[in-house]
Amino acid sequence: RKEVEQDPGPFNVPEGATVAFNCTYSNSASQSFFWYRQDCRKEPKLLMSVYSSGNEDGRFTAQLNRASQYISLLIRDSKLSDSATYLCGLNTGGFKTIFGAGTRLFVKA
Amino acid sequence: DAGVTQSPTHLIKTRGQHVTLRCSPISGHKSVSWYQQVLGQGPQFIFQYYEKEERGRGNFPDRFSARQFPNYSSELNVNALLLGDSALYLCASSLELDRSGYTFGSGTRLTVV
């Protein structure tokens, strides 16, 4: 089993839709969790950290479910500019962040 | 403030050659990590340096090496290049070892022919 797994998609949604992605992880010792956004042929950019209590940043909401070992990202009122690949990353308290392969999102007009 | 800077942006090398990639972290960041990303996959961890010491090494062959300098900039070296080393090499800067997220540089796109 991979350490971090994501549905590769693509998710094709219309503008204004709500879309959610999950990311499952296998190491229960994982301590820090993140969502990154990566545009085509660009570097990943930190979207948000994921806290145990969940957190929200505008149209984006991240949740952590330690019991089932997954994190989620919810995007409300999708915009064309949200089209990108969304990477989850987690750190087990050591020296590296492990990334999933990413979920591709296409928002269409 | 300057972000994470990487050089060169693109590079074409021949099999068997050696390459050096460079990274300058955000001012004040003492941690630099290197990742390899091939098309369709997430970034794969290569090295992390913190306060000029190697703190972690990923599952890469000994052809890959790195170092961090007193000014916290870093170099990634790859010897005896293989076709499979063609990838986007990303440098990530962070304030702390594990709890803060990364700021990535724009990467070096290496093509081995």
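For B:Phe45, the part lying near chain A is the side chain, with the backbone staying farther off; criterion is any non-hydrogen pair under 4.5 Å. For A:Tyr36, the part sitting under 4.5 Å from any heavy atom of chain B is the side chain, from C-beta outward, and nothing else.
Side-chain contact between B:Arg55 and A:Lys96 is absent, with no heavy atoms from C-beta onward closer than 4.5 Å. At least one side-chain heavy atom of A:Thr97 sits under 4.5 Å from a side-chain heavy atom of B:Tyr102.
Less than 6.0 angstrom separates the ring centroid of B:Tyr35 from the ring centroid of A:Phe99.
In the hydrophobic cluster analysis, where Ile, Leu, Val, Met, Phe, Trp and Tyr join through side-chain heavy atoms closer than 4.5 angstrom, A:Leu64 is grouped apart from A:Tyr70. Grouping the Ile, Leu, Val, Met, Phe, Trp and Tyr side chains by contacts below 4.5 angstrom, directly or via other members, places A:Leu47 apart from B:Ile26. Transitive grouping of hydrophobic side chains (ILVMFWY, heavy atoms separated by less than 4.5 Å) brings A:Tyr86 and A:Ile98 into a common cluster. B:Phe64 and B:Leu83 fall within the same hydrophobic cluster, defined by Ile, Leu, Val, Met, Phe, Trp and Tyr side-chain heavy atoms under 4.5 Å apart, directly or through other members.
In the displayed structure, B:Arg63 atom CZ is contacted under 6.0 Å by more than 12 heavy atoms of other residues, nucleotides or ligands.
We find the CZ-CZ distance between B:Arg109 and A:Arg41 to be 4.0 Å, quoted to the nearest 0.5 Å.
The two atoms that bring A:Leu87 and B:Pro43 nearest to each other are CD1-CD, 4.0 Å, heavy atoms only.
Interface summary for chain B: among A:Gln6, A:Lys42, A:Glu43, the most heavy-atom pairs under 4.5 angstrom belong to A:Glu43. Counting heavy-atom pairs under 4.5 Å between each of A:Gln38, A:Met48, A:Arg104 and chain B puts A:Gln38 at the top.
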